[in-house]
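For reference, the structure discussed in these notes is given below.
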Amino acid sequence: MFSSVAHLARANPFNAPHLQLVHDGLSGPRSSPAPPRRSRHLAAAAVEEYSCEFGSMKYYALCGFGGVLSCGLTHTAVVPLDLVKCRMQVDPQKYKGIFNGFSITLKEDGVRGLAKGWAPTLIGYSMQGLCKFGFYEVFKALYSNILGEENTYLWRTSLYLASSASAEFFADIALAPMEAAKVRIQTQPGYANTLREAVPKMYKEEGLNAFYKGVAPLWMRQIPYTMMKFACFERTVEALYKFVVPKPRSECTKAEQLVVTFVAGYIAGVFCAIVSHPADSVVSVLNKEKGSTASQVLQRLGFRGVWKGLFARIIMIGTLTALQWFIYDSVKVYFRLPRPPPPEMPESLKKKLGLTE
């Protein structure tokens, strides 16, 4: 399967050397060739700069590794904020705000209590990141090959949405067991303090259903979140280079490109938090309670209840998403992976639209 996908990916319109040449005006009609020195420089970069070919197995493996680091490390770093946010969702009468929640947690559990659930968070979100970012690259290459070069450009937002949704479907299956254990540890005082205590207890009480009953609500929360995360990020990067950054991406240093990545990631994160918060509230309550269904929890919480803890989640998800994209892009830079520039309109489409002579 992966060998065929790799073959398709190498032919897709997001192939880095091709788009880089189009972006810099080195492809298309020969009526206005670029200076030879610049052409040689870019040709050398296309051959020597990258450690692997776009769409190769090594490329996808390193993208998956970047996802492990970006999701695993960032989610673990914000465990205290996530813990308070979850408690505000499942017990809003006791935890009335983010600062009040931190105060109560520190009084009852001490400083160590703020780290509850770090192990399932690290394991679960590392697995999720592997699938989220790795499969996103796979599906984006696969779908763009199906669409063709011109339709890929015209329907690029739909491409980002479809690719990210497909990737997140599998990512949530990998995340679900650890997410269920994390919520039990964080929101049920006295139930379990560690992952080793929680897993056997959950299995004894409810069997495998304890770990996977939250998959459907996870899809409700994570698929819209991830679609917004990737599509908003990709289009924001494109807009920043077009309207804000005063020079083309090809002329920016790696550090400058990573700054753009961070800013676009934060903007995307704010929107992600808003669209996915109601489902996140349902997941938190559902994983705490035995025998409840998502529809029962949603009905009980009501419209106002599902928006509890939104401010905390915007802070958490905005920062977290920005850092995830920054880490992911930094991994690509470190391992010298192909990093295609924002898409440019294909020459064939320009001719059809009468934009070139």
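Counting begins at 1 with the first residue of the sequence. These numbers come from a predicted model, not from an experiment.
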Requested in this report: Please step through salt bridge (Lys or Arg N to Asp or Glu O under 4.0 Å) for the pair R221 and E179, ending with a clear verdict.
Outcome: CA-CA 13 Å; R221 180 187 82 183; E179 178 74 1; 3.3 Å; yes

Taking atom types as modelled, find out whether [X] and [Y] have a side-chain donor-acceptor pair closer than 3.5 angstrom.
{"X": "T105", "Y": "Y95", "answer": "no"}
{"X": "S70", "Y": "Q324", "answer": "no"}
{"X": "S348", "Y": "E149", "answer": "no"}

Rounded to the nearest 0.5 Å, what separates atom [atom1] in [X] from atom [atom2] in [Y]?
{"X": "I223", "Y": "S276", "atom1": "CD1", "atom2": "OG", "answer": "12.0 Å"}
{"X": "C272", "Y": "I267", "atom1": "SG", "atom2": "CD1", "answer": "12.0 Å"}
{"X": "F243", "Y": "E238", "atom1": "CZ", "atom2": "CD", "answer": "8.5 Å"}
{"X": "F233", "Y": "T261", "atom1": "CZ", "atom2": "OG1", "answer": "4.5 Å"}
{"X": "L62", "Y": "R336", "atom1": "CG", "atom2": "CZ", "answer": "10.5 Å"}
{"X": "S103", "Y": "I98", "atom1": "OG", "atom2": "CD1", "answer": "12.5 Å"}

Is [X] linked to [Y] within one hydrophobic cluster, defined over Ile, Leu, Val, Met, Phe, Trp and Tyr using a side-chain heavy-atom separation of less than 4.5 Å?
{"X": "M178", "Y": "M202", "value": "yes"}
{"X": "M228", "Y": "L240", "value": "yes"}
{"X": "V68", "Y": "F135", "value": "no"}

Hey, are the side chains of [X] and [Y] touching, using non-hydrogen atoms and a 4.5 Å cut-off?
{"X": "Q93", "Y": "D91", "result": "yes"}
{"X": "T319", "Y": "V78", "result": "no"}
{"X": "V111", "Y": "L106", "result": "yes"}
{"X": "M345", "Y": "E150", "result": "no"}
{"X": "C252", "Y": "K247", "result": "yes"}
{"X": "Y191", "Y": "I185", "result": "no"}
{"X": "F170", "Y": "F139", "result": "yes"}

Tell me whether [X] contacts the main-chain N or O of [Y] through its side chain, where contact means a donor paired with an acceptor under 3.5 Å.
{"X": "S51", "Y": "F335", "value": "yes"}
{"X": "T321", "Y": "I317", "value": "yes"}
{"X": "H277", "Y": "K308", "value": "yes"}
{"X": "S281", "Y": "V306", "value": "yes"}
{"X": "W219", "Y": "F169", "value": "yes"}
{"X": "S56", "Y": "Y59", "value": "yes"}
{"X": "T152", "Y": "S144", "value": "yes"}
{"X": "Q186", "Y": "R87", "value": "no"}

Query raised in the report: Is the number of heavy atoms from other residues, nucleotides or ligands within 6.0 Å of OH (Y241) greater than 12?
Result: yes

Ion pair [X]/[Y], N-O distance below 4.0 Å:
{"X": "D82", "Y": "R313", "answer": "no"}
{"X": "K140", "Y": "E234", "answer": "yes"}
{"X": "E256", "Y": "R249", "answer": "no"}
{"X": "E205", "Y": "R184", "answer": "yes"}
{"X": "E206", "Y": "K201", "answer": "no"}
{"X": "E108", "Y": "K94", "answer": "yes"}

Query - Between F262 and W325, ring centroids under 6.0 Å - result: no

Query raised in the report: Given the rule in the ring pair (Phe, Tyr, Trp, His ring centres under 6.0 Å) test, do F230 and Y160 qualify, once you have shown the distances and angles that lead to the verdict?
Result: CA-CA 6 Å; F230 282 85; Y160 305 145; 9.2 Å; no

Requested in this report: Determine, step by step, whether R235 and R156 satisfy the side-chain contact (heavy atoms from CB on, under 4.5 Å) criterion, reporting the C-alpha distance in whole Å, the side-chain angles of both residues, the deciding distance to 0.1 Å, and the verdict.
Outcome: CA-CA 9 Å; R235 293 309 299 259; R156 58 193 183 281; 3.2 Å; yes

**Report entry** Co-members of the apolar cluster containing Y125 [side chain, <4.5 Å]
**Finding:** L175, L218

**Report entry** Evaluation steps, salt bridge (Lys or Arg N to Asp or Glu O under 4.0 Å), between E168 and K132
**Finding:** CA-CA 5 Å; E168 189 61 36; K132 185 198 297 273; 2.9 Å; yes

Requested in this report: Quick one: do Y143 and S158 satisfy side-chain hydrogen bond (donor to acceptor under 3.5 Å, both in side chains)? Show the steps, please.
Outcome: CA-CA 10 Å; Y143 294 159; S158 298; over 6 Å; no

Report task. Could you tell me which non-hydrogen atom of L310 sits nearest to which non-hydrogen atom of A273, and how far apart they are? Result -> CD1-O, 4.1 Å

